[in-house]
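For reference, the structure is listed below as structure tokens.
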Number of protein chains: 4
Amino acid sequence: MRTPGSRSDTTWPIIREASISLIYEHGFESMNTRQLAELVQMKPGSLYYYFSSKEELLNRLVTEVLDEIVDDLELKLADVDTGLGGLDTFISGLVEWHVNRHKETYIALMDTRSLSEEKLARYMESRDRYDQLLDEILERCRREGSIGDIPVRITRLSILTMITGITSWFKPAGEANLDDLRDFYVTAVRRFVGAVPVGTRS
Amino acid sequence: MRTPGSRSDTTWPIIREASISLIYEHGFESMNTRQLAELVQMKPGSLYYYFSSKEELLNRLVTEVLDEIVDDLELKLADVDTGLGGLDTFISGLVEWHVNRHKETYIALMDTRSLSEEKLARYMESRDRYDQLLDEILERCRREGSIGDIPVRITRLSILTMITGITSWFKPAGEANLDDLRDFYVTAVRRFVGAVPVGTRS
Amino acid sequence: MRTPGSRSDTTWPIIREASISLIYEHGFESMNTRQLAELVQMKPGSLYYYFSSKEELLNRLVTEVLDEIVDDLELKLADVDTGLGGLDTFISGLVEWHVNRHKETYIALMDTRSLSEEKLARYMESRDRYDQLLDEILERCRREGSIGDIPVRITRLSILTMITGITSWFKPAGEANLDDLRDFYVTAVRRFVGAVPVGTRS
Amino acid sequence: MRTPGSRSDTTWPIIREASISLIYEHGFESMNTRQLAELVQMKPGSLYYYFSSKEELLNRLVTEVLDEIVDDLELKLADVDTGLGGLDTFISGLVEWHVNRHKETYIALMDTRSLSEEKLARYMESRDRYDQLLDEILERCRREGSIGDIPVRITRLSILTMITGITSWFKPAGEANLDDLRDFYVTAVRRFVGAVPVGTRS
DNA sequence: GATGAATGAGCATTCATTCAT
DNA sequence: AATGAATGAATGCTCATTCAT
């Protein structure tokens with residue numbers, strides 16, 4: 001009964017894309033495995049060769065992006081030598097990810113609730129890494145005197161909420177393009193944290 | 001079979017509170033009418049005396065707060081005579097609502113997806129009113145020269161995302177209290193839009 | 001809480017008519033007490049002052065017509081002195097009832113299934129009376145030599161099925177009027193039983 | 001979780017027979033899917049592998065017989081060359097179907113009401129075909145002068161009501177056997193329509 | 001790898017009926 | 001005589017998942 005030409009490494013990416021679209025569109029709880037099976041032209045039962053449960057599928061989807069994001073941000077930040085430069089890099093990178101992969105990041109924002117306690121906890125650990133990244137950047141900026149005297153925690157929460165929230169209104173077909181968005185948020189966040197304008201520091 | 005002492009005007013508020021808590025905690029799709037019934041000490045079927053479907057319950061919950069918020073903001077804005085004053089009032093009011101009624105506003109943020117197309121459309125119409133409110137304020141500020149030359153649409157989206165997103169991390173037991181939050185966001189948003197510092201306008 | 005001017009002997013006929021219409025239109029199992037209550041402008045619970053259960057309502061409806069029919073037929077047959085005259089009278093009367101009270105007779109035809117075993121048994125006893133009436137008429141005709149040599153049981157069943165079945169296609173607004181129907185069936189049944197044409201008997 | 005040895009082409013006929021018996025006995029509205037599941041030794045949900053809704057099951061049951069009947073009658077009528085011959089063939093065939101498949105035909109008679117408007121309409125279209133068949137036969141008989149001057153519509157309705165109504169009293173265990181019934185109705189209908197006795201036509 | 005057939009547990013909802021007021 | 005509020009038992013149906021083939 002094996003479909004000729006089927007191979008695991010071809011099939012999984014197809015399932016992956018299909019589930020992302022489906023979850024993005026309907027939400028994880030409302031989407032069902034029949035829809036997914038139909039979309040990838042399989043029978044529901046066959047999907048279980050590619051994931052062990054619906055929840056595990058969700059988990060894989062969201063942890064994969066998250067890890068990619070954090071790794072990429074860390075990589076980009078390695079080359080930066082000032083706090084403010086780090087802030088720009090971080091914001092710029094985060095915006096990029098949330099635009100280029102807006103479906104997955106939207107799912108991570110909205111459907112992470114459906115994860116079991118353990119899986120959610122593990123997910124949150126990863127997320128903490130990127131909270132910390134921003135915290136550290138902000139702390140460094142303050143030490144360097146390049147931003148105002150702002151409360152770090154709530155500032156970080158607000159920035160993150162704002163950037164990750166891009167996915168909730170961003171439409172790829174819309175007028176805003178990636179470069180505009182990146183520029184806008186870099187500038188906006190600088191203002192937000194009371195960054196000393198470039199060339200103003202004494 | 002009537003439970004002695006039961007009264008409609010006592011029961012609905014109980015059901016209302018219970019559903020808000022339940023949806024807040026589990027999400028609308030994951031919460032079920034049996035849990036709700038148990039929480040309010042009724043049989044599942046009896047709930048249908050108070051709403052005609054689970055979805056209609058959700059609808060009621062989210063449209064009610066939304067309308068209350070918009071009405072309140074409009075009222076508060078009526079007394080304000082400068083654009084920047086309006087901005088402060090709007091932000092301050094919105095933060096207040098999202099803190100004081102954070103469960104319902106969280107539900108509105110997350111579970112509105114579960115509404116049918118028609119109900120969602122009607123909900124969005126109401127939401128548009130408050131988008132417009134902020135748009136108008138921002139436009140006015142620009143005309144009055146009290147803020148920088150910023151792109152209105154994306155600024156509005158970002159501010160709203162940030163404030164409504166408070167509910168996604170806010171814990172009433174947490175360290176942040178309403179006054180701090182209100183002050184923080186009023187100031188932050190002022191910076192965000194490049195507001196001319198008070199007393200600086202020439 | 002008593003509605004001013006309400007009286008049992010005014011209300012019952014209203015409920016009666018409303019239930020007949022409702023059951024006629026939707027069938028007994030598909031019709032529900034909410035619909036009935038709405039139609040008579042009451043609350044569902046209030047109906048139980050007029051009948052003790054939905055099934056008892058049905059029972060009352062169908063047994064009442066049935067008894068009226070049998071009584072009327074017996075009365076009409078009392079004056080008749082020949083078998084064939086009896087046959088004409090019976091058919092004519094039965095057609096009349098099924099046209100004039102076609103809703104109730106239709107209900108009796110279709111919804112009698114929903115009666116409990118005991119109630120159905122009692123209903124069937126009454127129905128037997130009118131089977132017997134026709135049996136006796138047919139037997140008498142045969143003794144008098146006014147009809148052919150036909151099998152009584154199946155003839156009776158067929159005639160009754162045909163006449164009671166009028167209700168299943170009869171529409172009051174339709175072209176067929178009572179007189180035509182009566183004439184048609186009297187003649188048709190005569191032919192059906194091989195009645196010796198009037199004036200042909202030697 | 002698959003029951004060993006289960007096969008679709010074995011299971012559907014079993015479900016089919018079981019539902020026919022159940023609906024025949026209790027009526028469509030009173031029968032429920034749990035009873036059916038128990039009878040075929042499945043879990044209720046599994047039935048939905050074989051039909052998409054309870055109503056669709058009913059629909060399938062009644063349209064299938066109906067189509068079989070009409071097809072068969074048309075086939076049988078193809079060989080007939082006189083109107084009266086057609087009438088005999090039609091009646092004989094119809095009686096046969098209502099005796100041999102009396103459960104399904106009874107269901108079609110009684111439970112067709114439970115079909116949705118669209119499904120009922122489609123059912124009625126098929127039914128019309130067989131009304132027309134009889135109408136044409138009767139018209140032809142009249143043109144050929146082999147029956148009396150009778151009103152076609154009501155005659156057709158009465159004959160059909162009578163024959164289809166067989167199912168409402170017929171018990172397979174009863175004394176009447178198929179051949180008797182067929183003979184009886186062929187003769188009775190001939191009389192009913194005032195057929196000129198064979199060899200009497202001048 | 002993939003399918004066909006089934007499970008089992010749950011779910012929203014309906015509805016006749018009851019009874020304190 | 002009528003209502004408002006509730007019950008309880010059922011009902012059709014969905015869906016993630018399993019597993020023999």
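Chain letters run A, B, ... following the sequence lines, proteins first and then strands; every chain starts at 1. None of these values were measured; they are calculated from a predicted model. Every heavy atom of this structure was used, including side-chain atoms; hydrogens, water molecules and symmetry mates were not.
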TODO: Could you state the atom-to-atom distance from CD of B:Glu38 to P of E:dA12 in whole Å?
DONE: 13 Å

- [ ] Quickly work out the C:Tyr48 OH to E:dA16 P distance and round it to whole Å.
- [x] 6 Å

TODO: Give a yes/no on whether any side-chain N or O of D:Tyr49 is located under 4.0 angstrom from OP1 or OP2 of E:dA5.
DONE: yes

Open item on the list: Nearest heavy atom decides the nucleotide; on that basis, is C:Ser53 or D:Pro44 closer to the 5' end of DNA chain E?
Closed with: D:Pro44

Open item on the list: Using modelled atom types and a 3.5 Å cut-off, is there a donor and acceptor pairing between side-chain atoms of D:Ser21 and backbone atoms of D:Ala18?
Closed with: no

Open item on the list: If I take atom CZ in residue C:Phe51 and atom C1' in nucleotide F:dA2, what distance separates them, rounded to the nearest angstrom?
Closed with: 14 Å

- [ ] Report yes if the side chains of C:Thr63 and C:Ser126 come closer than 4.5 Å at any heavy-atom pair, otherwise no.
- [x] no

Open item on the list: Dot-bracket, 5' to 3', for DNA chain E please: Watson-Crick or G-U pairs under 3.5 Å, [ ] where pairs cross earlier ones, | where the partner sits on another strand, dots elsewhere.
Closed with: .||||||||||||||||||||

- [ ] Compare the minimum distances between each of F:dC13, F:dA2, E:dA12 and the side chain of B:Thr33, then state the nucleotide with the smallest one.
- [x] E:dA12

TODO: Determine: side-chain N/O of A:Ser46 to OP1/OP2 of E:dT3, distance under 4.0 Å, yes or no.
DONE: yes

Task: Nearest-neighbour nucleotide for the D:Met42 side chain, E:dT7, F:dG4, E:dA12 considered - done: E:dT7

Open item on the list: I'd like to know if D:Arg101 pairs up with D:Glu64 as an ion pair, taking the criterion as any Lys NZ or Arg NE/NH1/NH2 lying under 4.0 Å from an Asp or Glu carboxylate oxygen.
Closed with: no

Task: Heavy-atom donor-acceptor pair, A:Glu55 side chain to A:Ser116 backbone, under 3.5 Å - done: yes

Open item on the list: If you assign B:Gly45 and C:Gln41 each to the DNA chain F nucleotide with the nearest heavy atom, which residue ends up on the more 5' nucleotide?
Closed with: C:Gln41

- [ ] Measure from CG on D:Leu47 to P on E:dA6 and round the result to the nearest Å.
- [x] 10 Å

Open item on the list: Would you say that D:Thr11 contacts D:Tyr49 through its side chain, given a criterion of any heavy-atom pair below 4.5 Å between the two side chains?
Closed with: no

TODO: Considering just the side-chain nitrogens and oxygens of D:Thr11, establish if one lies under 4.0 Å of OP1 or OP2 belonging to E:dA6.
DONE: yes

Open item on the list: Looking only at the side chain of A:Asn32 (C-beta and beyond, no hydrogens), which of the listed nucleotides F:dC15, E:dA2, F:dT3 gets closest?
Closed with: F:dC15

Task: Minimum-distance pair of heavy atoms, taken over all atoms of C:Pro44 and C:Ala37 - done: N-CB, 3.5 Å

- [ ] Return the value, rounded to whole Å, for the distance between atom CG of B:Asp9 and atom P of F:dA6.
- [x] 10 Å

Task: A:Arg113 to B:Tyr106 - nearest heavy-atom pair and separation - done: CD-OH, 3.9 Å

- [ ] Could you check how far NZ of A:Lys43 sits from P of F:dT17, rounded to whole Å?
- [x] 19 Å

Task: Near-strand residues of residues 13-21 of chain B, defined as heavy-atom separation under 4.0 angstrom from DNA chain E - done: none

Task: Residue C:Tyr50, side-chain atoms from C-beta onward, closest of F:dT17, F:dA1, E:dG1 - done: F:dA1

Open item on the list: Check this for me: does the side-chain of D:Arg34 come within 3.5 Å of the base of F:dG12 through a donor and an acceptor?
Closed with: yes

Open item on the list: In this structure, how many angstroms lie between the C1' atom of E:dG10 and the CG atom of B:Leu36, rounded?
Closed with: 17 Å

Open item on the list: Quick check for you: to the nearest 0.5 Å, what is the distance between D:His26 atom NE2 and C:Ser114 atom OG?
Closed with: 11.5 Å

Task: Which nucleotide in F:dC13, F:dA5, F:dT17 has an atom nearest any side-chain atom of D:Lys54 - done: F:dC13

- [ ] Locate the shortest heavy-atom distance separating C:Thr33 from C:Leu47; write the atom from each residue and the value.
- [x] O-CD1, 3.5 Å

Task: Atom pair distance, as rounded to whole Å: CD1 in D:Ile23 and P in F:dG12 - done: 11 Å

- [ ] Please state whether the rings of B:Tyr50 and B:Trp12 are parallel, tilted or perpendicular, taking 30° and 60° as the class boundaries.
- [x] parallel

